[in-house]
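Below is one structure, written out as structure tokens; the observations come after it.
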Number of protein chains: 2
Amino acid sequence: MDSGPMAPRRGRPPVSDRQRQRRRLDISRHAVRLFAEQGVAATSGGQIARAAGVSERTLWRWFPSKESCVEPLLTQSVAAFQEVLHAWPPEADLTEHLRAAYRPAPDASSAGDAEAVLTVIRMTRDEPALRALYLVLRERAEETFAEVLAGRAGGSADLLDVRMRAATMSAVLKVATDDLARAVAEKGITPEALRRHREQLADALSHVTRGL
Amino acid sequence: MDSGPMAPRRGRPPVSDRQRQRRRLDISRHAVRLFAEQGVAATSGGQIARAAGVSERTLWRWFPSKESCVEPLLTQSVAAFQEVLHAWPPEADLTEHLRAAYRPAPDASSAGDAEAVLTVIRMTRDEPALRALYLVLRERAEETFAEVLAGRAGGSADLLDVRMRAATMSAVLKVATDDLARAVAEKGITPEALRRHREQLADALSHVTRGL
DNA sequence: AGGTTATTGGCAGTCACTGACAATAAAGTG
DNA sequence: CACTTTATTGTCAGTGACTGCCAATAACCT
């Protein structure tokens with residue numbers, strides 16, 4: 001793979017992954033707002049591109065479909081849970097850990113994003129394409145769950161038992177999150193709703209990790 | 001809703017649901033064969049329509065997208081499991097019931113369909129659109145699971161706990177089925193592979209229904 | 001046969017998305 | 001600063017999935 005001594009880089013450097021993520025996230029916010037305002041079908045790719053200040057061609061380079069524009073926002077929210085899970089101390093009970101660590105980041109943009117994410121999840125009820133995307137993202141996260149579980153059990157992440165537990169965690173998280181999205185539909189995200197959500201999750205997941 | 005005495009029906013009667021399902025299933029078989037032979041991207045809607053002996057316009061009336069043409073076949077296989085679950089006697093253990101009742105229908109067309117279904121599931125690895133559709137179908141089946149579970153527990157099907165158990169069953173079934181699809185990739189469906197699959201499923205699901 | 005309704009087929013159109021290429025931006029080098 | 005090199009963007013024309021519209025036909029009735 002390596003071909004001798006590195007020649008010093010020449011020409012324009014490629015954009016960093018960091019930059020990529022930020023730009024995709026920016027487009028994602030515009031797309032979600034437009035989808036929420038006027039529906040997915042009524043929102044064109046050109047419209048999203050214009051809102052994000054980019055040409056339509058570039059939009060299609062960054063996203064394979066207009067529905068997939070919601071992906072960065074949703075993924076970001078899934079990633080938050082993944083981080084909590086990674087931070088799960090080996091000796092602790094998952095229930096206790098979630099109660100302690102599963103709190104929303106309190107900065108303003110996160111709060112806005114959280115509302116946006118739940119809005120999208122609510123939209124998936126009537127927008128099949130969004131639901132499909134959402135389920136694919138959730139399944140993608142199962143791999144991370146499997147790695148964490150495998151690390152604890154000392155097994156491999158592709159053992160059937162580990163994959164089943166990971167899929168189960170994902171399923172529980174999905175139901176709990178859908179429930180949260182419905183619960184906050186009218187009054188917005190309240191600390192009380194979050195607390196209920198956290199408790200439901202902690203309770204259900206404790207059953208999953210029981211025989212670990 | 002009812003507007004007086006039924007006038008005797010006039011004109012051509014609408015197609016029965018039975019007929020609809022059979023025709024969709026027929027198209028589905030052709031679509032899956034073409035997808036498997038040449039890939040999804042290389043298969044056009046017109047091609048599927050021609051193979052099924054119908055005009056392209058009609059194909060789009062029966063299916064909202066070319067990928068969704070695989071739906072009837074997949075749904076049929078999910079329905080088989082749903083029937084087994086419905087037949088679950090109230091006093092029996094789920095493990096025992098599955099060992100006794102979860103057998104493939106032995107007729108020829110079912111066997112061919114079963115191979116086709118597993119082929120599609122294997123294809124979902126590299127075809128994101130198919131994976132998305134597959135996950136949506138699986139989630140749709142959760143409602144049935146919830147009804148069965150609710151009937152046993154005496155609760156309502158939209159209780160959070162019931163929905164979580166249903167989603168968990170669905171997740172376990174998904175992982176087990178993906179595993180089966182991989183296992184039979186080379187040698188085709190063997191009785192031994194089916195036995196293993198059934199045992200894995202029965203074992204995992206017994207944990208799910210433990211506290212019922 | 002003739003009336004009535006459900007379904008189909010053909011045709012034109014829209015729009016998501018792609019390939020190819022010119023234009024521009026962001027570096028390094030003299 | 002001029003010049004080279006590479007990464008990214010924009011423009012434009014094209015493809016193909018999918019829809020609306022309407023005429024044609026099929027299936028049932030009297």
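A, B, ... follow the sequence lines: proteins, then strands. Residue 1 opens every chain. The model shown is predicted, which means the values in this text are computed figures rather than measured ones.
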So that I can tick it off, tell me whether B/R195 and B/E192 are bridged by a salt bridge, with the cut-off set at under 4.0 angstrom between side-chain N and carboxylate O. yes

Measure the distance from CH2 on A/W60 to P on D/dA17 and round it to the nearest whole Å. 16 Å

Figure out the CZ/C1' separation between A/R61 and D/dA7, and round it to whole Å. 11 Å

Interatomic distance, B/E67 CD vs C/dA16 P [rounded to whole Å]: 16 Å

Determine whether any donor atom in the side chain of A/R57 lies under 3.5 Å from an acceptor atom in the base of D/dG10, or the reverse, and answer yes or no. no

B/E56, nearest nucleotide to its side chain (from C/dG10, D/dT9, D/dC18): D/dC18

Take the protein atom CG of A/L59 and the nucleotide atom C1' of C/dA16, then report the distance between them rounded to whole Å. 11 Å

Counting just side-chain N and O atoms, does A/W62 come under 4.0 Å of either OP1 or OP2 of D/dT9? yes

Rounded to the nearest Å, what distance is computed from the CZ atom of residue A/R10 to the C1' atom of nucleotide C/dA26? 13 Å

Pair A/D179 + A/R182, salt bridge at N-O below 4.0 Å: yes

Please give me every residue in residues 12-37 of chain B whose heavy atoms get under 4.0 Å of an atom in DNA chain C, ordered by residue number. B/R12, B/P13, B/P14, B/V15, B/R23

Plane angle bin for A/Y102 and A/F81 - parallel if under 30°, tilted between 30 and 60°, otherwise perpendicular: perpendicular

Separation of D/dA17 atom P from B/L133 atom CG, nearest Å, is 16 Å

Is B/D178 paired with A/R163 through a side-chain N to carboxylate O contact shorter than 4.0 Å? no

Against the side chain of B/S44, the closest entry in D/dA17, C/dT8, C/dC17 is D/dA17

Can you find a heavy atom in the side chain of A/R165 that is under 4.5 Å from one in the side chain of A/T209? no

So, does A/R131 use its side chain to make a donor-acceptor pair with the main chain of B/V136 at under 3.5 Å? no

